[in-house]
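Here the structure is laid out as structure tokens; the discussion comes afterwards.
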Amino acid sequence: MSRRDIEKLWESRESESLTNAEAAHLYRRAAFGATSGEIKAATNEALGAVVDRMLDDAVSSEGAQLEKNFQQMKSVVIAGNIYTQLPAWWLYRLIHTSRPALEQMVLFWHGHFATSAAKVQSPTLLLRQNEAFRRHALGSFTDLVMDVSRDPAMLLYLDSATNRRNRPNENYARELLELFCLGVGHYTEKDIKELARAFTGWELRGETFQFNRFQHDPGEKKLLGKTGIESGEQAIEVIIQSPQTARFIARKLVRYFVSDGDDIGDDLIEPLAQSFRENGFQLRAGLRKLFTSRLFYSELSIGRKIRSPVDMAVGLLRTLQATTNTISLAESTRELGQSLFFPPNVKGWDGGRQWINSATLIGRINLVTKLLGPETTFKAGSSEKIDSAFGVQNATEAVGLAESLLLARVLNGKQKSEVVQKISSEKPERSNLLAAIKVLATMAEFQLA
Amino acid sequence: MHRPHKFVPRTVLRFCLILAGIGIGLPASVGQQSNSPAEWLPSNSVLCLQVQNVGTVWRELESLPMVKELLTLPDVQKAMQSPQYRQAMLGKTFIEGVVGQELRAFSEELTQTPAWLAVDVNNDVGVVFSPPAEAFERLQKSFADYAAIGNLSKDSPPFRAVTYKGISAFTLDKVRIAFHAGRIVVCSSNSIGKAILDRALGEEKSSLATTRWFQNAQQQSPRSNANSTKISGAIDLKTLRESGKLKLPTGREIGPELLVGGVVDAIQAADVLNMAVDWNGGNLETRLSVALPKEIPETRQYFFGKDQIKASPNALSLEDRILSVRWHRDLGNFWNMIPQIITDENALAEVAKSESEIATLFGGMISVGELFDYLGPGVELVACQPKFQSESKEIPEIQLPKFGIVGTLRDAEKADRALRLAFQQVVSLSNLNAGAGKYPPVEVTSEKVGSVRYLTASYLQLDSMKMSSTNRSDNVPSSDLYLNFSPTLVIDGERFALSSDRNFAERLLNGKTEEQKDVRGLDNSVIELWPQALVDLARTNFEALVAQRMLETGKNREAVVSELEIGLTIVRCIEKVRLSLTTENGNLVFSGRASLATK
């Protein structure tokens, strides 16, 4: 790809308005989907304003009340000390949140700084980490890494709590370089040892972080070619300032929000990485650049991602303004390979094509059917009222609406008529829209975000 | 005549016809038949029920203040505006049109005279009623009018008039309704209908009344009160057993065996099961009884005692009780008898595995059998409301009920040492888990007050673990569930208690036993539940309940709170529930009683 092409792809569209399909794409990728109303509203204003609102910190009074409810529920999960309820709690939050883009980023950082409840087993510590992701999700990456490095759940998960002066534990240092900031090939074994020395004395006292100066190695460390480093904080600064860190995070964000494909080269990533370097690694600004870029709405992005189980389920519920038994939903997403708070390993979820195999494909179709069943409550009321609430009068309109809200790529005329025919020929459902979604869920197109 | 409305559902119509067929009852003496309806019912019946005066239950329920309160709840009011409710009301109006009076009054009048219901070996059902002559004639005419219409609604099967040996009858799908000699017969199939009418005509002499099992059932029947008994009846266990329709699982698992092993055995041996449902002034009681064998086999002596006279201990009189479970089970005897009682090989393997694990836990110093040998057979498990001092800083977010068991010891001196050893070993194991950071470690303190020895395990909370929501920026407190517990073993001579906390152990040991009221026999096992105390506990932990329901339903807080309010109001309507297994005059009686709140 030529430099000119890359520049063109990173041109901002912030003053332009989006089409319906583009608005639906933005919401599906960045905010777990949208209702018809939200999409319509998004097409009536400039993209920059839409994205700013999406990433804004401001909380409505309704959002504040929701936050209060989330906190009360969190207290109960902690009080009961039932760490297996954590996935259900977060799913509830994802379904109801007034700030879905923020939650999407919290989910991103949860997969990035993966910490599993299977090992940590403390709702308190895991929820503190979750709140830390939420605090920094759209803020400074430097602050986020600093907090994560002192985070008790992470210290327990990667055994840093026993990082002693005379016997440095290299686990966290290795993952910080390999998985969290730089990537393989951009550091040496010596860097790992030096970084582990810098983190000596970073330990836990009860459930809180403490710096134990008696266990800290105060000697000078040399990291990534830089000398004069003494503390863990200085070491983190050096890592963050490495040009590779911005490139690594930019790549990961592009992979998360734009495309699962391997055809996005370093050249294409570089403008986003450069913006991180220039803006002090402020994540909100980077995401704004990404979501307003031509790249985000280009063929390199549209239909180029496979939905994660959580994204698929929460997106469907939010789009239909529905809610469901989140304990049961947590079990379903676990069966499909994504249990929140229980990432499979420190690398997090691989995502992409790994979400789909012969077993999970059937499971995903079954999950959609289940989510449209009796455990789900629709804002519209009973399922008979859904069509009228969404302004749908017949099977053709139902397929059109479901397609525009949920599918990344439009169906061709033949496919569409087959779906309409299937809905019409089978025993009539109480809702054409729900029937259409059930049929669409069996198609490959439905699996794409 | 009332023509059925086109959108009255078919099920409502059928119900209406059966209900109307039941007739407007007056005392049986008004009827034209002097013989018992049992002489009409077929001799291959395996279940019979007599139903009477059930209409009064409706009236009395409606007059209860708690029920009135329930009906004023906003969500209940909302439900009463729903299309489903309106459709139900439409059905009610239709039935009232057919029977010619308001449904509640009709149902009250309907069951003044006992209605007899029988189920035969083919699962066919027949019911015989004796309505007053005027109602009999009115209903017969009304049915004839409907039969003239044919189809009662667009989708319903034809309603036809037929005759059987000169008897006027009607058919709707498989339902048959006949009018004869002042009685109305409603049945579920042609064959049972014919069987009943043949006996009514005197063409068949054998009947339910002539069967041995029915006669035995009449003799063994528990006392019944004409005013309060609404349903009484019996089941022919022997025929059901021999036909393979009654299969009771035995010898599979320890838990169910300890719970109902003796009951299952008694049912296996008995010929007849009697039953009665009483309603009296807000108390609903169901009693099921079977005859006990004259001699208790050795394998069941742990359950009943050798001579059928062993009873569970009397309840402790404690304030704020939520649950009391009392039983007589000689666990030492049971453990010795396991090879004879548990026949399933997998279950036996599980028992051996558990025994081995427990032996390991106790370092081989004490076995399960030895521990059970020390326990007396009468034990009470009791749970009460949690009570924390309001000024205490250490009140857990979720308050669990205080609970414990209290019983007696055999060979108190040796038992004392064994129980203390077991307690210490369990605490040690718990501390190993605490080392993994799941919860705080515990320390054991031993205290002797007079003759009473307390062994208490108290949680040690480090300052670094005390993180209140006020001193952390992320607003994430630590779990404090363990503040509910300070597990305690207390032994005083032959008495012992094992409790969830120290103070409660003391209450258990010092609690006085209640005097037994309304004693009919010896209670082998008793479960008592105080739902209103349960509601109070739910109120204490309301936020936890709300959060749990929000996760389970995904609904918002307001909707969940409203649902819970309805649920708690319904539960509050019940003052007490008592389930008991009693030996009474050579019978084993299972009794369930619910007392409704009167204020």
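Reckoned from all heavy atoms, side chains included, excluding hydrogens, waters and symmetry mates.
- Of the listed residues (B:Leu551, B:Thr553, B:Val546), the one with the most heavy-atom contacts under 4.5 Å to chain A is B:Leu551.
- Without hydrogens or angle criteria, A:Tyr92 side chain to B:Lys555 main chain gives a donor-acceptor distance under 3.5 Å.
- Annotation: the span from B:Ile398 atom CD1 to A:Ile78 atom CD1 amounts to 10.5 Å, rounded to 0.5 Å.
- Few gaps surround NZ on A:Lys119; more than 12 heavy atoms of other groups in view lie less than 6.0 Å from it.
- With rounding to the nearest 0.5 Å, the separation of CD in B:Glu558 from CG in A:Asn69 is 6.5 Å.
- Heavy atoms closer than 4.5 Å to chain B are found in the side chain of A:Thr377, but not in its backbone.
- Counting heavy atoms of neighbouring residues, nucleotides and ligands inside a 6.0 Å radius, atom CD of A:Glu62 does not exceed 12 of them.
- When side chains are defined from C-beta on, A:Gln72 counts as touching B:Arg557, because their heavy atoms get closer than 4.5 Å.
- Between the A:Thr326 side chain and the B:Gly554 main chain, no donor and acceptor come within less than 3.5 Å of each other.
- Contacts of A:Ile327 with chain B are made by both backbone and side-chain atoms, with heavy-atom separations under 4.5 Å.
- B:Glu543 has its side chain out of reach of A:Ser75: every pair of non-hydrogen atoms, C-beta onward, lies at least 4.5 Å apart.
- Note that CG of A:Asn325 is 8.5 Å distant from CZ of B:Arg549, once rounded to the nearest 0.5 Å.
- Rounding to the nearest 0.5 Å gives a distance of 7.0 Å between CG of B:Asn556 and NE2 of A:His96.
- In this structure the side chain of B:Gln548 reaches within 4.5 angstrom of the side chain of A:Gln85, judged on heavy atoms.
- Heavy-atom pairs under 4.5 Å with chain B peak, among A:Ser328, A:Gly80, A:Ala330, at A:Gly80.
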